[in-house]
Amino acid sequence: MRPMFKVSQVYGLQTQRLRNVAILTPSLFKIRSGRKRLFWQDDVLEFDVTTLLLTKAGQQLTFENEPTKERFLSVQMSFLLPPSEDMIQLSIKVADNECSPRFKPNRSVMASLDFLLELDTQSVSETTQAYWLNGFYQQLAEAGKLHLIFEGHAVSFEQKITELLQQAPWQDYQLDQVATHFSMSRATLIRRLKEENTQFRTLLTRVRMNHAISLMQQGYRQQIDIAVRCGYQSQERFSQRFYKSFGITPSQYIKTL
């Protein structure tokens, strides 16, 4: 069964400072312990166990994850099923002028989220997953927050490419190969991405760098091993890409875990 959403965790024993972290899929983040500090436009937003961070695909975030008495622990819920256009329009209609990604939900919304986070998507049908997920979307829409996660009902071409690359970030993807997958020419693929102000190599690097973070979170520590699993044969090249992306070296990030 295909999951309608995915759940991943991030932890840290020391403060983690990362810049330009790419949000590859419409997501929300819930803090389980510690604090997240987001540098948002000209402001600094604080998140704790009572608040949620709402993010659209394509955003790049600069933040700090800070442990308090315990380690820092957060959950990312990535949505693979878009809501209906009616829900998004309802969210826009009832929303106030506040465009902050910081959301303090009521008990009902938080209870629905906790239920979904504990759901075993491998043992529940796609129809049932969609039923429960759409109920949660409706709650977010009624709170005027759903449109802060989704631009619209249609999935962008950038996101479609990203979802393909996420299936195997270590592969040596070629433009012709990817274009064939989408039944188009190489030139058309380049043009479609240009229309969305991005490039194929940019998307591939973002996917690989996020995969590197995920591998470190899972316990991988040897940089050459991580590099190969992200599609790089050179540890030096991988380290350079990582630092250029996040403003921190792989070894510095590993020390926070």
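Residues take their numbers from the sequence shown, with the count starting at 1. Note: hydrogens, waters and symmetry copies are ignored here, and every other heavy atom, side chains too, is used.
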Which pairs count as salt bridge (Lys or Arg N to Asp or Glu O under 4.0 Å) when at least one residue sits in [range], sequence neighbours excluded?
range            : result
residues 126-141 : none
residues 248-257 : none
residues 69-87   : none
residues 192-204 : R191-E195

Roughly how far, to the nearest 0.5 Å, is [atom2] of [Y] from [atom1] of [X]?
X    : Y    : atom1 : atom2 : value
L204 : L175 : CG    : CG    : 9.5 Å
T50  : K104 : OG1   : NZ    : 4.0 Å
Q14  : Q252 : CD    : CD    : 11.5 Å
S245 : R206 : OG    : CZ    : 9.0 Å

Any side-chain donor near an acceptor of the partner, [X] and [Y], under 3.5 Å:
X    : Y    : answer
Y253 : Q217 : yes
Q129 : T121 : no
E158 : T198 : no

From CA spacing to verdict: side chain to side chain contact (heavy atoms under 4.5 Å, CB included), V124, Y131 | CA-CA 11 Å; V124 179; Y131 178 82; over 6 Å; no

Name all residues meeting the salt bridge (Lys or Arg N to Asp or Glu O under 4.0 Å) criterion together with [X]; count only those two or more places apart in sequence or in a different chain, and write none if there are none.
X    : answer
R221 : none
K56  : E151
R229 : D225
R37  : E46, E64, E66

For the student: nearest non-hydrogen atoms of [X] and [Y], plus distance:
X    : Y    : value
V49  : S33  : CG1-N, 4.3 Å
F63  : F39  : CA-CD1, 4.0 Å
L81  : F150 : O-CZ, 4.1 Å
Q177 : D172 : OE1-O, 4.0 Å
L54  : L28  : CD2-CB, 3.9 Å
S78  : S27  : OG-OG, 3.4 Å

Counting neighbours of [atom1] on [X] that are heavy atoms of other residues, nucleotides or ligands and sit closer than 6.0 Å, is the number greater than 12?
X    : atom1 : value
Q199 : CD    : no
F182 : CZ    : yes
Q218 : CD    : yes
R19  : CZ    : yes
D96  : CG    : yes

Do [X] and [Y] share a hydrophobic cluster, counting only Ile, Leu, Val, Met, Phe, Trp and Tyr and linking them when any side-chain heavy atoms are less than 4.5 Å apart?
X    : Y    : value
I254 : Y11  : yes
M4   : L113 : yes
V44  : L38  : no
L61  : F72  : yes
W132 : L146 : yes

Side-chain touch [X]/[Y], heavy atoms, less than 4.5 angstrom:
X    : Y    : answer
I31  : R35  : no
R102 : W40  : no
F157 : L193 : yes
I226 : P250 : no
Q138 : L90  : yes
L133 : M77  : yes
L257 : Q16  : yes
F29  : V10  : no

In terms of the angle between their ring planes, are [X] and [Y] parallel, tilted or perpendicular, with boundaries placed at 30° and 60°?
X    : Y    : value
W170 : H211 : tilted
Y137 : F79  : perpendicular
F242 : F238 : tilted

Only counting residues at least two apart or in another chain, list the ones meeting side-chain hydrogen bond (donor to acceptor under 3.5 Å, both in side chains) with [X].
X    : answer
S185 : T188
H147 : S91
T127 : none

Does R208 make a cation-pi contact with Y232, if we ask for NZ or CZ under 6.0 Å from the ring centre and within 45° of the axis?
->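 Judged by the rule (NZ or CZ under 6.0 Å from the ring centre, within 45° of its axis), R208 counts as positioned above Y232.
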
Candidates L53, V109, I149 - the one meeting side-chain contact (heavy atoms from CB on, under 4.5 Å) with F103 |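 Output: one option passes, namely V109.
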
Non-neighbouring partners of Q159 that pass side-chain contact (heavy atoms from CB on, under 4.5 Å), sequence neighbours left out =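 By the side-chain contact (heavy atoms from CB on, under 4.5 Å) rule, Q159 matches T25, P26, A57, V155, S156, E163.
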
Given D114 and E118, is the side chain to side chain contact (heavy atoms under 4.5 Å, CB included) satisfied, shown in steps?
-> CA-CA 6 Å; D114 288 338; E118 297 301 322; 5.7 Å; no

